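See structure below.
What you are looking at is a predicted structure, and each value in this text was computed from that prediction instead of being measured. Positions are given from 1 along the sequence.
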Amino acid sequence: MYLSEDYLVFELHHRGEERLNRELEQRRRIADRDAESAAAQVTDVSRPPFLVRWRRRLALSTTAVFGAGHGGGPAPVAS
């Protein structure tokens, strides 16, 4: 049986689309699996509670304001 050139081009294009759809679905599954495994690795140890983070941030801001080299108090005034 003789197949027209248009039919061969159509079949080639159709099979290419099917392959692309399969590859995209496979990539989506891999990305979902990676996202699930990454979410499972987040623990309380790697992300401290809110109050701990807030106290650390507060300590850093007071160090920047008052200085860290002389006991954390206000900067001495030159006389």
Side-chain angles (χ1 to χ4, degrees):
M1 177 178 171
Y2 175 76
L3 300 175
S4 69
E5 186 176 323
D6 291 338
Y7 179 78
L8 292 175
V9 170
F10 170 77
E11 278 298 312
L12 182 63
H13 181 73
H14 182 68
R15 290 181 184 176
E17 283 183 344
E18 288 177 344
R19 180 177 177 187
L20 177 65
N21 288 335
R22 281 193 308 268
E23 288 179 2
L24 289 174
E25 180 66 19
Q26 183 179 15
R27 289 181 186 180
R28 185 191 62 79
R29 287 182 190 157
I30 292 170
D32 288 347
R33 190 177 331 130
D34 289 345
E36 289 174 0
S37 65
Q41 293 176 0
V42 175
T43 63
D44 291 339
V45 174
S46 63
R47 182 155 174 78
F50 173 77
L51 288 177
V52 174
R53 293 191 316 265
W54 183 251
R55 288 179 184 145
R56 288 178 187 166
R57 194 174 299 146
L58 184 62
L60 291 174
S61 65
T62 57
T63 302
V65 171
F66 296 117
H70 54 279
V77 177
S79 51

Could you list the donor-acceptor pairs under 3.5 angstrom formed by side chains in residues 6-17, with sequence neighbours left out?
residue	atom	partner	partner atom	Å
His13	NE2	Glu17	OE2	3.0
His14	NE2	Glu18	OE2	2.9

Checking Gln26 now: which residues fulfil side chain to side chain donor-acceptor pair (under 3.5 Å) with it, not counting sequence neighbours?
none
Taking atom CZ of Arg19 and atom CG of Leu24, what is their separation to the nearest 0.5 Å?
11.5 Å
Would you indicate whether Arg28, at its atom CZ, is surrounded by more than 12 heavy atoms from other residues, nucleotides or ligands within a distance under 6.0 Å?
yes
Side chain to side chain donor-acceptor pair (under 3.5 Å) partners for Asn21, two or more places apart
none
